[in-house]
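Remember, it's 1-based here, ligands and their atoms both numbered in the order they're listed.
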Amino acid sequence: MGLLSLGTPLSWPDTKPLAEHVREHGITQFLHLWEQIKDRRGDGLLWGDEIEYIVVSFDDEQADARLSLRQAEILKVLAESHADAANKLPGDAAAGGHVPTFHPEYGRFMLESTPGAPYGVTPRDLRTVEANMRLRRRIARSHLLPHELPVTLTSFPRLGVTDRPFTDPPLEANGSASRSLFLPDEVINPHARFPTLTANIRQRRGAKVAINMPIFHDELTPRPFVDPSIPWDRQLFPEDKEARAGAALPDHIYMDAMGFGMGCCCLQVTFQACSVQEARTVYDQLVPVGPLLLALTAASPAYRGYLANVDCRWNVISAAVDDRTREERGLEPLKESRMLMQKSRYDSVDSYISQDPANRPEYNDNPLPVDEKVKTRLEKAGIDPLLATHLAHLFIRDPLVIFSEMVDLDDHQSMDHFENIQSTNWQTMRFKPPPPGGQIGWRVEFRSMEVQVTDFENAAFSIFIVLLTRAILSFHLNFYMPISKVDVNMKRAHIRDAVNTQKFYFRKEVFRSKPRHHARDSSVSGRGGRGTPRGSRAPSPNRGATSSANGAAASNGVKSPFPRTSTSSRAASPEPTPVEEEYDEFTLNELMNGKDGSFPGLITLVYNYLDSLTMDVETRCELGIYLDLVSKRASGELITAATWIRNFVRTHPEYKKDSVVSAKVNYDMIKQLNAIERGEVDAPGFLPKGFAQRRKAQKDA
Ligand code: ADP
Ligand code: MG
Ligand code: MG
Ligand code: MG
Ligand code: MG
Ligand code: MG
């Protein structure tokens, strides 16, 4: 959750003239902060996840599952119970830090939870993650009404249907913030910030947002598909005619409000780095990993009552907050608007930011519009061009919500104007500076993942990404490739069953051939598993090349656990390898589990990192269970949640082969997912063998 300042939010006409003020003071605030924090180092290895839930209200008589809109009441009782629980904790923990916390989200049917305090990264710490997530789910569940349930479903398949009410209580779509044909404003968190955000995005854009996801054409889905559920001829708002005027595409599921995107649930992980340099390294190296993890966690194949031909939410959210004018989108010549903007403010990262020499300028090959004034100011203040460009790119955007009480601020004390722009740039990664004067250091947030049905899976993907980060730093891995190829991967990740049908670009040689010339970045060598990785133990037969015996020496005395491949000799030669020869296309199985002799596999790298640590057998086994899930999702041995949901719908006796997710199908599906989550039934082919038994043994079913 970004900041939730209280006050009077300004309408768009009053916000627009203050945009330059916010940008200017935002940068002043950043520069003041920068002076205090640029040399900050030595922060510990901490991390934490965020899990978002949809609160479903079951109507067993009608066999319907609707969205509960009791967020405010639920959060209130959760906060009271948090205070109670915190008071009962002994000693240090009494500050409440160790009791999980719940946060509001955009959707009034949503909750977000985080661990009460960030986790460490030792194997022992990692073993507590799943239990912490389950505890949070249990707390949430115990504060709901008997017919309500918090579910970790990325998209609610019937959000915005028009055949019958999808909210509890039933409401009409007639609100002036969204002006949606489908979503009542009451689905938006009523805190002034959110309806204003919604209305201001619409007004800035000059039209409602237009989200079109391709329909999944099943046997009996009409071709072309012209959606009969759209109230095409409504005349309540002037925007009502947009659907007919071309905003709603044939053969697509049309959605017209911010809530369709911000109503999706994700799984985010934030890492603290020991220094700004390390944060920049982690940020860059995780950029190419984002689309891979989006494809692996794919969990959202249905929108507004229909099956889509995509498996992921990302593009839905991207379009749902796309505030660009027609000029900014390149549909009309620039007159009023400042510049062409190739992407929505919710989109993939556009530039690498590390000063690592491995970050070749050729990799930043995306169009990168910047606010020139911001860039010049930052560079004059001594900020290097990579960081200055990153910030000046974020600052092409206008602030969306300004509170009238918060216009003139003390730029030495406040970061509000900076955060206003920063926190409404929703990219695949977020680079988070330390809050002023606090205990928290430089952080990097990994934001592409879809939330998973069970906490076992949420823990598995979180732990995987944490360990991968450790491996990246310990082995000085190099995942750089042109950022435009990362964007190609982002598109491919959405495609139905991408795990089994798509290839993804990735760097072929992930080990560095030369010692790093990064004298001042002591961060990497001093941290993480610094031991030489031992020979790998090839934990599973498809885990690719794993012998370290002849691994060439990598930098800083850490031995590369893998033999050099043919490309490496070229990389070591004085002529730099042409960028196009550095990457190739791989299946997700190859990328995660390894490809004979030519690519180690990210999971293998994680295992090699684990080999460099000391831990007891039991811990090693437990961590192996999580990594195995990720490995099997990548190999296709286990299906994604998206495939599970699609299969469930398509094989339901009531399904008419017409792409429609009816109320009954949706109800049965969510009941079934709940039974799976509790370990009441097995889910062969989706979760590992023995999942239900393991889950039941956890006593909190
Ligand atoms: P946002 O919504 O702004 O992305 P949240 O505060 O909801 O952020 O969640 C941030 C996550 O970062 C939580 O899981 C929290 O435990 C974790 N976290 C908090 N402090 C630190 C820290 N110093 N280092 C790393 N992670 C942290
Ligand atoms: Mg959130
Ligand atoms: Mg949050
Ligand atoms: Mg947030
Ligand atoms: Mg209404
Ligand atoms: Mg977050």
**Report entry** Glu112: numbered ligand 1 atoms lying under 4.0 Å from its heavy atoms
**Finding:** 7 (O)

Requested in this report: Please find the N/O/S atom of Glu50 nearest to the Mg ion (ligand 3) and write down its name.
Outcome: OE1

Report summary line: Of all the N, O or S atoms in Glu445, the one nearest to the Mg ion (ligand 6) is OE2

Query raised in the report: Are the charged groups of Arg136 and Glu50 less than 4.0 angstrom apart, N to O?
Result: no

Report task. Output the list of atoms in ligand 1 that are nearer than 4.0 Å to some heavy atom of Glu445, sorted by atom number. Result -> 4 (O)

Query raised in the report: Touching ligand 1 at all, Arg447? Heavy atoms, strictly under 4.0 Å?
Result: no

Report summary line: A student checking ligand 1 against Trp47 at a 4.0 Å heavy-atom cut-off should list atoms 25 (C), 26 (N)

Requested in this report: Mark up the atoms of ligand 1 that fall under 4.0 Å of a heavy atom belonging to Ile440, in ascending order.
Outcome: 23 (N)

Report task. Determine whether any heavy atom of Arg430 lies closer than 4.0 Å to an atom of ligand 1. Result -> no

Query raised in the report: Got a salt bridge between Arg108 and Glu186, using NZ or NE/NH1/NH2 to carboxylate O under 4.0 Å?
Result: no

Report summary line: Checking heavy atoms under 4.0 Å, the part of Lys432 that sits near ligand 1 is side chain

Requested in this report: Give a yes or no on whether the backbone of Asn315 and the side-chain of His494 come within a donor-acceptor separation of less than 3.5 Å.
Outcome: yes

Query raised in the report: Do you see an N/O/S atom of Thr270, backbone or side chain, under 2.8 Å from the Mg ion (ligand 6)?
Result: no

Requested in this report: Could you tell me whether Asp455 and Arg138 make a salt bridge, using a distance below 4.0 angstrom between a side-chain N and a carboxylate O?
Outcome: no

Report task. Just do the ring pair (Phe, Tyr, Trp, His ring centres under 6.0 Å) check on His25 and Phe30 with the steps written out, would you? Result -> CA-CA 8 Å; His25 288 272; Phe30 176 80; over 10 Å; no

Query raised in the report: For His103 and ligand 1, does the shortest N/O to N/O distance drop below 3.5 Å?
Result: no

Query - The single option from Asp487, Thr428, Asn366 passing side chain to side chain donor-acceptor pair (under 3.5 Å) against Ser348 - result: Asp487

Report task. Give the contacting part of Asp49 toward ligand 1: side chain, backbone, both or neither, where contact means a heavy-atom distance below 4.0 Å. Result -> backbone

Query raised in the report: Are Arg205 and Asp323 ion-paired here, with the side-chain N under 4.0 Å from a carboxylate O?
Result: no

Report task. Please name the atom of Glu112, restricted to N, O or S, that is closest to the Mg ion (ligand 3). Result -> OE2

Requested in this report: Check the side chains of Thr101 and His82 for a donor-acceptor pair under 3.5 angstrom, ignoring hydrogens and angles.
Outcome: no

Query raised in the report: Going by atom types alone, do Thr152 and Arg137 pair a side-chain donor with an acceptor below 3.5 Å?
Result: yes

